[in-house]
Engineer: 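Structure provided below as structure tokens; questions to follow.
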Amino acid sequence: VYPTQNVSKAHEEKIIEYTEKIAKELNVIGILNIQFIIGEGQVYIIEVNPRSSRTVPYISKVTNLPMIDIATNVILGKKLKDLGYGTGLYRKSDYICVKMPVFSFEKIKNADTSLGPEMKSTGEAIGYDKKLHRAMYKALLASGIKLHSYGTVIATVADEDKEEALPLLKRFYDLGFNIAATIGTAMLLAEHGIKSKVLRKLSEGSEEILEEIRSGKVSYVINTRAIFSGVHYDDGVAIRKCAIQNNITMLTSLDTVRVLLDVLEEVNIGVSVI
């Protein structure tokens, strides 16, 4: 999860309150896994799992606590105080940890890289540092994402994502990247002073996008699906498959694009006209 801002004290207290109530009501002894999300100033519960999860080894790493050993002893009837641990919220670390999913699309043939509610990640990686962007940089590298500071970005974005994608593509442009886009995205970019190379769509009988991907000049491919319609669905599948086959970083979530840009802007040297 990429924190765009620190969790407020009020939200933190609400998360603790909800966790205590759920654990007591479900009579959970051991480990309880709860996923929260904060939106529009409210704390929401996504799901509750009365078990361990893939995150536990990372929590153990971050806190330096043997979580599984502790949980097992508690399940067997021992008390936290008898194990040498207190109760209540554990102290905060003095560094920031970022967990990133790891995908293996290049190894799993014919798997669509577009992300959805189903689990597609095959593992996780972690990056930690005293500064957020450094932690994110380490996590991105550890998860296998190739970070390029130059080259071409191909953007083929669903209509409902164009408004959100515009400032992100502007940031790539300001960093010195070349932009290549399908006609709808290219027209929007032109309206905002961003030059781009127009690529015809596969559904129009052209393979310009695939040829561009195979050229060796492309650093990132940004492709989002039209959630509310099946328009150009086959185009997206072919583009994503071609990017993976050519070992190019494929981005299907604008949130991930935003994180990537935050890191690139932090680690790259800015360039300005003299």
Side-chain angles (χ1 to χ4, degrees), residues 1-104 108 111-112 114-130 132 135-136 138-140 142-144 227 252-253 255-256 258-259:
V1 176
Y2 169 48
T4 54
Q5 60 183 14
N6 292 328
V7 177
S8 70
K9 185 66 176 178
H11 288 151
E12 184 179 281
E13 290 174 352
K14 187 63 68 174
I15 290 172
I16 296 170
E17 176 191 345
Y18 288 170
T19 301
E20 290 179 346
K21 287 182 176 179
I22 291 170
K24 290 177 181 177
E25 187 66 27
L26 295 179
N27 195 30
V28 175
I29 299 175
I31 287 181
L32 179 68
N33 172 257
I34 307 177
Q35 295 185 30
F36 294 96
I37 188 170
I38 299 174
E40 299 178 349
Q42 299 292 324
V43 175
Y44 297 96
I45 298 169
I46 299 176
E47 65 179 19
V48 180
N49 299 302
R51 57 167 175 76
S52 177
S53 70
R54 295 196 312 190
T55 306
V56 170
Y58 294 92
I59 296 175
S60 293
K61 177 99 175 159
V62 171
T63 60
N64 199 29
L65 292 175
M67 302 293 289
I68 297 299
D69 288 348
I70 294 172
T72 301
N73 278 293
V74 170
I75 290 171
L76 293 174
K78 295 183 179 179
K79 303 292 184 181
L80 285 174
K81 62 180 181 180
D82 298 332
L83 297 172
Y85 304 100
T87 57
L89 196 64
Y90 192 70
R91 62 175 175 79
K92 289 186 178 180
S93 171
D94 60 352
Y95 48 83
I96 296 170
C97 299
V98 175
K99 187 183 74 168
M100 290 285 293
V102 175
F103 300 96
S104 301
I108 304 174
D112 189 357
S114 179
L115 301 182
E118 69 272 38
M119 177 72 77
K120 288 189 176 181
S121 63
T122 54
E124 291 163 337
I126 191 172
Y128 52 96
D129 199 285
K130 290 191 175 182
L132 174 60
M136 290 194 298
K138 294 175 182 179
L140 287 166
S143 67
I227 302 300
T252 63
S253 165
D255 287 333
T256 307
R258 190 173 293 105
V259 172

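Note that the structure is predicted; figures quoted are calculated from it, not measured.
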Engineer: More than 12 heavy atoms of other residues, nucleotides or ligands under 6.0 Å from CD of Glu25: yes or no?
Structural biologist: no
Engineer: Does Glu124 offer a backbone N or O that forms a donor-acceptor pair with the side chain of Tyr58 under 3.5 Å?
Structural biologist: yes
Engineer: For atom CG of Asn64, is the number of surrounding heavy atoms from other residues, nucleotides or ligands below 6.0 Å larger than 12?
Structural biologist: no
Engineer: Check the pair Ser60, Ile68 against side chain to side chain contact (heavy atoms under 4.5 Å, CB included), reporting the backbone distance first and the verdict last.
Structural biologist: CA-CA 8 Å; Ser60 293; Ile68 297 299; 5.6 Å; no
Engineer: Roughly how far, to the nearest 0.5 Å, is OG1 of Thr19 from NZ of Lys14?
Structural biologist: 12.0 Å
Engineer: Minimum heavy-atom separation for Ile15 to Phe36, with atom names?
Structural biologist: CG2-CE1, 3.6 Å
Engineer: Nearest 0.5 Å please: distance from the CG atom of Asn49 over to the CD1 atom of Ile34.
Structural biologist: 9.0 Å
Engineer: Return the minimal non-hydrogen interatomic distance between Ile59 and Thr63, and the atom names on each side.
Structural biologist: O-OG1, 2.7 Å
Engineer: Looking only at heavy atoms, which two atoms of Val28 and Pro50 are closest? And how far apart?
Structural biologist: CG2-CB, 4.0 Å
Engineer: If you look at every heavy atom in Asp129 and Tyr95, which pair is closest and at what distance?
Structural biologist: O-CB, 3.4 Å
Engineer: To check you understand the geometry: which heavy-atom pair defines the closest contact between Ile31 and Ser52, and what is its length?
Structural biologist: CG2-CA, 3.9 Å
Engineer: Output the distance between atom CD (Glu20) and atom CG (Leu32), rounded to the nearest 0.5 Å.
Structural biologist: 11.5 Å
Engineer: Donor-acceptor check, side chain of Tyr18 to backbone of Tyr44, threshold 3.5 angstrom: yes or no?
Structural biologist: no
Engineer: Could you go through Val98 and Val259, starting from their C-alpha distance and side-chain angles, then the distance that decides it, and tell me whether this counts as side chain to side chain contact (heavy atoms under 4.5 Å, CB included)?
Structural biologist: CA-CA 11 Å; Val98 175; Val259 172; over 6 Å; no
Engineer: Distance from Lys138 atom NZ to Ile96 atom CD1, nearest 0.5 Å?
Structural biologist: 11.0 Å
Engineer: Which distance, rounded to the nearest 0.5 Å, do you find between the CD of Gln35 and the OG1 of Thr55?
Structural biologist: 7.5 Å
Engineer: Which atom names give the shortest non-hydrogen contact between Ile29 and Ile75, and what distance separates them?
Structural biologist: O-CG1, 3.4 Å
Engineer: So Arg51 and Ser53, side chain to side chain contact (heavy atoms under 4.5 Å, CB included) or not? Walk me through it.
Structural biologist: CA-CA 7 Å; Arg51 57 167 175 76; Ser53 70; 3.9 Å; yes
Engineer: Using side-chain heavy atoms (C-beta onward) and a distance below 4.5 Å, is Glu13 in contact with Lys9?
Structural biologist: yes
Engineer: To the nearest 0.5 Å, what is the distance between OG1 (Thr72) and NZ (Lys78)?
Structural biologist: 10.5 Å
